[in-house]
Amino acid sequence: MKNQSLKNRTVGLLLFFGLLSLIVRGQFIKKIDSLALVHHNKGFNGNVLFSSNDSIVFTGNYGYSDFSNKKALNDSTIFELASVSKQFTALAIVQLKEKGLLEYSTKVSEIINNFPYDNITIEHLLRHQSGLPDYQDIFYNKKYWKRNKIAYNQDVIDVLVKLKLDLVFKPGSQYDYNNTGYVILASIIEKLSGQSFKSYVHKNIFEPSGMSTSSVNGVSEIHQTYLNIAKGYTYNNRKGKYQKVENDKKHKHILWMNGIVGDRGIYSSILDLEKWKKALRYNKLITEEGKYEMLTVDAVSSKYGFGFAIYETESKGRWVYHNGSWSGYKTSAIYLPDSNEYLLILSNNRYKETYNKLEEDLYNIILENTN
C-alpha cells in the first residue's frame, strides 16, 4: 500500500508540474502575441517566430502578404531577408575554405581577374574591413549606370574595374559595414564553384538544411514564380495608404539594383529560417571549427564575425545577430547559442520599429520568461 501511495503521489506531482508548465507556457505565448498585436496596431505587417531548444514555441502572422487582395500571411510565406542574407553568403565562403578552394588570407585579385585592389583579402570582405566604396552609391549615380538596365554582380565588378575609385581606408585597418564586399564574395563563390550563386546556395545550403521554400532571387520575377511571397510595401504619406514599393520614388533604385545578390537577395520563411538555425547549430553544413571561425570577432571588427554581428550579454551570453533593410522589407534575426533560443521578425512594410523597439520588447519578454 505504501508503495502504491508513493507511486500515486509521484504521478500526481508530475501531472501538477506538467499542467503548471503548460499554463506558464501559455501565458508566455500570450505575452508575445499581445505585444506583437500592439505593434501590428501601430503598423507592423509581418511574421514572428520564437523557438527554444529546437522547439518552436510561438509563430505569429500579422497582416497581409498582398495588400491589394488582402491575402493573409502564414508561417510559410517567404520574405526578402535583406542583409540577413549575408550569413548565408559567409557560410558558403566557409564551405569553400573547408573544401580547400580558398583561404581567408587569399587576395581577391588572385580569384577575380583585373580586380583593381591588390591588398584586399577574403577575410577583409567577410569582416567589413575592405574599405571598398559603396556600390549602391555608385549605381545610384546616373553618370555610372543607365537606369533602364538591371545591374548584376558582374556589373559591380566591371564598374569598380573601370572607375578604380580610391578605397575609403587601408584594408584591415578599421571596420566599416560594407555591402559591396558581400557582393564580391557572392561572385567569388560563383567563380570557385563553377555555379551561379543561386544554384550553389540552393544545393549546398537550402537542400541539406531542408529549407524547401527558400530561394535566391535578385529580380522581380520572383513575384510571378512564388505564390506565397510577401510583397514589399511602403507608406505613402500624401495618399495615406500603403503602396507597392516599386511605385515609391524614394525606392526606385530597386528597378535597376535588384539583380545584385550576396549582400541581400535571399527569400525565406520563418519556418525555413528555424531549419537554417538548426543546420548551423548542429554542423550540418560546416565543421565545428568553421562555425567557430564564423562566430569569432577580431581586434578590428570587435563586434562582427563572418556574416553575423556578435554581442556579449550578461543575461543570455552571446547574441548572434543581424538585421536587414531593403526596399519594402525590414528583418531581424537573433540567435542565442548559449541558451539555444531564436527570435525572428520579418516585415514586408518597412515597419520602422522592427528594430530596435519591437525586437527589444520581444527580447525583454524572453528575459522575463527566463527569470
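- Put simply, the residue from T77, N47, N45 that forms a side chain to side chain donor-acceptor pair (under 3.5 Å) with N61 is N47.
- The main-chain N or O of T287 is found under 3.5 Å from a side-chain atom of E98 such that the two form a donor-acceptor pair.
- Looking at N153, its side chain does come within 3.5 Å of a backbone N or O of V261 through a donor-acceptor pair.
- Tested against Y242 for a ring-ring contact (aromatic ring centres under 6.0 Å, His included), the candidates Y351, Y235, Y233 yield a single pass: Y235.
- Judged by distance alone, the side chain of S301 and the main-chain N or O of R127 form a donor-acceptor pair under 3.5 Å.
- Between K241 and F67 there is no side-chain heavy-atom pair separated by less than 4.5 Å.
- When atom types are taken as modelled, the side chain of N236 and the backbone of Q243 share no donor-acceptor pair closer than 3.5 angstrom.
- Judged by a 6.0 Å distance limit and a 45° cone about the ring axis, R147 is not positioned over the six-membered ring of F139.
- Ring pair F79/Y329 is perpendicular by interplanar angle, where above 60° counts as perpendicular and below 30° as parallel.
- The aromatic rings of Y311 and Y321 sit tilted, their planes meeting at an angle between 30° and 60°.
- By the side chain to side chain donor-acceptor pair (under 3.5 Å) test, D155 is found to be paired with no residue, residues two or more places apart in sequence or in another chain being considered.
- Listed for the Y342 side chain is no donor-acceptor partner under 3.5 Å among the backbone atoms of I334.
- Not one N or O on the side chain of K316 forms a donor-acceptor pair closer than 3.5 Å with the backbone of S339.
- With sequence neighbours excluded, no residue forms a side chain to side chain donor-acceptor pair (under 3.5 Å) with Y292.
- The environment of NZ in K162 is sparse: at most 12 heavy-atom neighbours from other residues, nucleotides or ligands sit within 6.0 Å.
- Counting heavy atoms from C-beta on, the side chains of K86 and F306 never come closer than 4.5 Å.
- A tilted orientation is assigned to the rings of H322 and Y177, their planes being inclined by 30° to 60°.
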